[in-house]
Amino acid sequence: MAPEKISVRCCIAGGGPAGMMLGYLLARAGVKVLVLEKHGDFLRDFRGDTIHPSTLEVMHELGLLDEFLELPHQKVYELNAQFGEMRLTIADFRHLPTRCGFVAFMPQWDFLNFLAAKAARYPNFNLMMEAEVTGLVEESGRVVGVRAKTPNGEIEVRADLVVGADGRSSIVREKAGLAVKEFGAPIDVLWFRLRRRAEDPAATMGRFDAGRIFITLNRGDYWQCGFVIAKGQFEEMRRQPFETFRAAIVKLAPYTKDSVQELGGWDDVKLLTVRVDRLLDWFRPGLLCIGDSAHAMSPVGGVGINLAIQDAVAAANVLFKPLRAIDHLRRIQKRRELPTRMTQGLQVAVQRRIIARVLVETGPLKPPLAVRLLARVAFLRRIPARIIGLGIRPEHVSAALLGS
Ligand SMILES: Cc1cc2nc3c(=O)[nH]c(=O)nc-3n(C[C@H](O)[C@H](O)[C@H](O)COP(=O)(O)OP(=O)(O)OC[C@H]3O[C@@H](n4cnc5c(N)ncnc54)[C@H](O)[C@@H]3O)c2cc1C
């Protein structure tokens, strides 16, 4: 059967933070846009939960902030870490020159459902769930659309511009043959949930101990946990009794002594593979990649979602009028490449100099000099707060887009 054919001005592959924000902004500016998302809902647990001050500022510019903050969330004013026995604050967001001096921790599916509901008010916005992009349609070297698999059969979407926002395993960038520079990542993350009891501590926390890093995100009645391991170590861990893993968790967070027993085994633990990479060119005629599809981010600093949103804002500011010109695509990469390079550079440095060292440490853990300085000089905590909370070169939604 011939695939159903659809025509739009912009087709976005992937309904993550980058794709949904770009779809919302373009539809609001009057561009007919279709977002294709391969899953049937937004309930992905591999997503981060952090909505940073820069994203909250964008929500304010869009007039959505108050309503957005009515959704259940936790306000986190500072990020804390514990190195061995030393507990310290590494970033204090209260001093940022933004409306919200905090990170909002909110399950990402709530954020994406919110954006989807707001976008649905615009007749030019279309979101197709369970639509998996499988390939590109090309004519004379130009990308003119995508093919996608849906429960009702294959579709072919023709578009002036295709945007790859399909995350770190992007099929769009692979099919487009865009060259990728890999930076390597010495870590992976084991991702699981533990019941949170009323008497547990409240703080979202990173716990560093010899050979171990354990992140606990407070999601109200449960902890979303990230147990950082050296890359490739998971297979070896799986060969050991599960009890060994439970004991390692309890050693780092003694308050989980009871709830950890509810983890049934390795099937309750998901391996998240970390990678850091960047496309050399983020575009081709008729095609642009943004978010992790253009630059896969490490979880270090929890900034990937916000970079994805910033890319979407920068792209929408340029694209809402002419969608075809290649110079416009180049301009978007030029604007976003420097913040991405610098952020990835910092992530890679932290991975190599701090995280990888902690993971091979066997004796008592001594915090690195940079961390000791942060503990001693409160003013210095404004630097990581700025990098994590606002990012480098924060984007603002253009007045022309809002007025269009
Ligand atoms: C372990 C881990 C923890 C992290 N924690 C945080 C954190 O706390 N805070 C933070 O800011 N960042 C975090 N990050 C980084 C963050 O997850 C990413 O940078 C961010 O999600 C990128 O957003 P995106 O929209 O570009 O891509 P994604 O969020 O990956 O979204 C891509 C979307 O495309 C869809 N898709 C994929 N393929 C197709 C296809 N072929 N067709 C249609 N749809 C498709 C996917 O289902 C998905 O919905 C973490 C990363 C890792 C690995």
Side-chain angles (χ1 to χ4, degrees), residues 11-23 34-52 54-55 76 79 103-109 111-112 115-116 127-136 146-150 155 157 162-175 185 187-192 204 206 213 215 217 219 224-229 270-277 282 289-312 315 336 340 343-344 347 351 388-389 391:
C11 176
I12 300 172
M20 290 304 293
M21 180 55 90
L22 181 62
L34 172 62
V35 180
L36 301 172
E37 167 54 48
K38 75 173 173 184
H39 290 102
D41 54 44
F42 294 122
L43 296 173
R44 307 276 74 73
D45 66 358
F46 60 82
R47 300 181 191 280
D49 286 350
T50 52
I51 310 293
H52 290 218
S54 58
T55 301
V76 171
L79 289 186
V103 173
F105 273 72
M106 177 187 292
Q108 203 186 115
W109 48 86
F111 176 53
L112 296 177
L115 276 183
L127 169 63
M128 200 182 281
M129 303 301 282
E130 290 188 88
E132 179 176 357
V133 173
T134 51
L136 301 176
V146 301
R147 272 183 294 278
K149 226 168 45 186
T150 78
I155 59 170
V157 183
V162 169
V163 177
D166 50 343
R168 55 186 184 270
S169 309
S170 170
I171 186 92
V172 168
R173 77 181 193 185
E174 182 199 317
K175 296 283 180 191
I187 52 167
D188 285 325
V189 180
L190 302 182
W191 202 240
F192 53 93
T204 284
I213 301 173
I215 315 289
L217 307 179
R219 277 197 186 159
Q224 177 60 60
C225 304
F227 192 97
V228 182
I229 58 170
K270 189 167 175 194
L271 173 70
L272 297 182
T273 307
V274 176
R275 57 197 281 187
V276 183
D277 63 32
W282 300 15
C289 288
I290 61 171
D292 269 22
S293 164
H295 47 74
M297 302 302 292
S298 156
V300 170
V303 291
I305 298 165
N306 294 279
L307 256 86
I309 298 282
Q310 299 281 302
D311 283 3
R336 294 304 306 153
T340 306
T343 312
Q344 287 183 322
Q347 288 188 322
Q351 283 180 176
I388 295 170

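Counting starts at 1 for both ligands and their atoms, in listed order.
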Please state which part of D49 comes within less than 4.0 Å of ligand 1, counting heavy atoms only: side chain, backbone, both or neither. backbone

Using a heavy-atom cut-off of under 4.0 Å, does the side chain or the backbone of V303 touch ligand 1, or both, or neither? backbone

For V146, which of L34, T134, L136 qualifies under side-chain contact (heavy atoms from CB on, under 4.5 Å)? L136

Closer than 4.0 Å to some heavy atom of [X] - which atoms of ligand 1 meet that?
X: A165; value: 32 (C), 33 (C), 34 (O)
X: G302; value: 7 (C), 9 (N), 10 (C), 11 (O), 12 (N)
X: G291; value: 26 (O)
X: D292; value: 18 (C), 19 (O), 22 (C), 26 (O)
X: I171; value: 41 (N)
X: T50; value: 7 (C), 8 (O), 9 (N), 10 (C), 11 (O)
X: L272; value: 1 (C)
X: H39; value: 47 (O)

Close N or O approach (G304, ligand 1; < 3.5 Å): yes

Would you say the side-chain atoms of S54 and H52 include a donor-acceptor pair closer than 3.5 Å? no

Less than 4.5 Å apart, side chain to side chain, heavy atoms only: is that true for V162 and V133? no

Quick one: salt bridge (Lys or Arg N to Asp or Glu O under 4.0 Å) partners of E132, sequence neighbours excluded? K149

Report yes or no: does D166 contribute a side-chain atom to a donor-acceptor pair with the main-chain N or O of V172 at less than 3.5 Å? yes

Set of residues satisfying side-chain contact (heavy atoms from CB on, under 4.5 Å) with respect to A116, sequence neighbours excluded: M20, F42, L127

Heavy-atom contact under 4.0 Å between S169 and ligand 1? no

To atom 49 (O) of ligand 1, the nearest of H295, E37, M21 on a heavy-atom basis is E37

